[in-house]
Amino acid sequence: MNKPYKTDYNRTEIIRMLSSEGADMNAIFARAAETKHDVVGDKLYLRGLIEYSNICRKNCLYCGIRRDNGAVGRYRLSEKEVISSVKYALDNRLGSIVLQAGEDTSPGHIDSIELLLRKITAMSEGKLGITLSLGEQSEETYLRWFEAGAHRYLLRIEASSPELYSKIHPCDALHDYNERLNALKTLRKIGYQVGTGVMIGLPGQTVEDLADDILFMRDTDVDMCGMGPYIEAAGTPLAGRTDTGSPLYTTDKRLEMSLKMVAVLRIVMPDINIASTTALSSLSPDGRYLAVKYGANVIMPNITPSYRMDNYRLYDNKSSEVDPRLKAMDIAYGERGDSLHFGTAEKN
Ligand code: 5AD
Ligand code: SF4
């Protein structure tokens, strides 16, 4: 970093930044853009997103592909389909891929992922960045996948407040907040670049909760973050819950707060990778573009075979188009774009 950046903001200061409006808010956006420019640069890194399977053992109250949603046609991509998506990523010099699926801990799934990772690593001669987003797994599984070639893992904490977490998940052993924390620790211990994230605008969520989410990411010393607005998904228990008293109830406020979260995170953690997520463009056509302007440096174009995409609906109005304004930016074609933060501190 060429300038000394203040990063040790306290909770009150973070709440103040997240509560800012008008000119104060624009000043935060400008500071985040400057921090990004100075520290990680203005290049936009690409991760081709492959939605491998929508089979999930969990029942998160907000998610469109939760186990109990019988209206979803379940699928798993064939090896051929995955390999053709990877080939697309290589041909188009996307630099990295993300293999994402619902949480499936069956031995068959674990074996298939391992096999795919070995094939992908061989195909790309180890040059393609490989991120996994496959939920909570055992240490042994995380290790097997790491040894097979994956080196980044995304596991969102969803809501860092244990109380809010318990309101948006069923209260059972499968949805245990502490297990999720343990999984993040295990991933770090194995040597993955670790990413987490939260949803913004959840029913009952406060600005204080969001400030604590930022502090959580700093305290866990994550290398990457993917976060976006919560969007009601038809047929889920949480979508039925209206919370008109919440300050984050309207979609405009949710989008604005999501942009502020990206900007404040960039200010507080200048050298991490921050994704501008798909959910941002579900609220406004400008969402993903603005997040990149205000601090995000990664986008994840969806490269799942298109006839499958309709089944991977985590929330409503999910879009897979990339904004032409993003395509016109300085795109880091063919670069893995690893988090600069990774390896900068002694990890424990
Ligand atoms: N709104 C926004 N994001 C959602 N996700 C799941 N359901 C929703 C929703 N209704 C996010 C979760 C999960 C990621 C894969 O998708 O944060 O970690
Ligand atoms: Fe499964 Fe992830 Fe959806 Fe939860 S958020 S139900 S773990 S796909």
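Whatever order the structure lists them in is the order used to number ligands and atoms, beginning at 1.
Remark: K6 is positioned above the aromatic ring of Y9, its terminal NZ or CZ atom under 6.0 angstrom from the ring centre and at most 45 degrees off the axis. Relative to the ring axis of Y289, R325 places its NZ or CZ within 45° and under 6.0 Å from the centre.
Residues satisfying the side chain to side chain donor-acceptor pair (under 3.5 Å) test with D68, not counting sequence neighbours, are N59. The side chain to side chain donor-acceptor pair (under 3.5 Å) search around E125 returns K127, not counting sequence neighbours.
Using cut-offs of 30° and 60° for the angle between ring planes, the Y153 and W145 rings count as parallel. A parallel orientation is assigned to the rings of Y294 and F29, their planes being inclined by less than 30° (bins at 30° and 60°).
Defined by atom type and a distance below 3.5 Å, a donor-acceptor pair is present between the side-chain atoms of N273 and N297. With no hydrogens or angles considered, no side-chain donor-acceptor pair links R180 and H175 at under 3.5 Å. No side-chain donor-acceptor contact under 3.5 Å links D212 and S160.
M199 places none of its side-chain heavy atoms less than 4.5 Å from the side chain of M227.
Sorted by chain and number, the heavy-atom contacts of ligand 1 below 4.0 Å come from Y62, C63, Q100, R156, E158, M199, P229, Y230, I231, L314, Y315.
At a cut-off of 2.8 Å, measuring from atom 1 (Fe) of ligand 2, the protein N, O or S atoms that fall short of it are C56 SG, waters left aside.
For atom 4 (Fe) of ligand 2, the nearest protein heavy atom lies closer than 4.0 Å.
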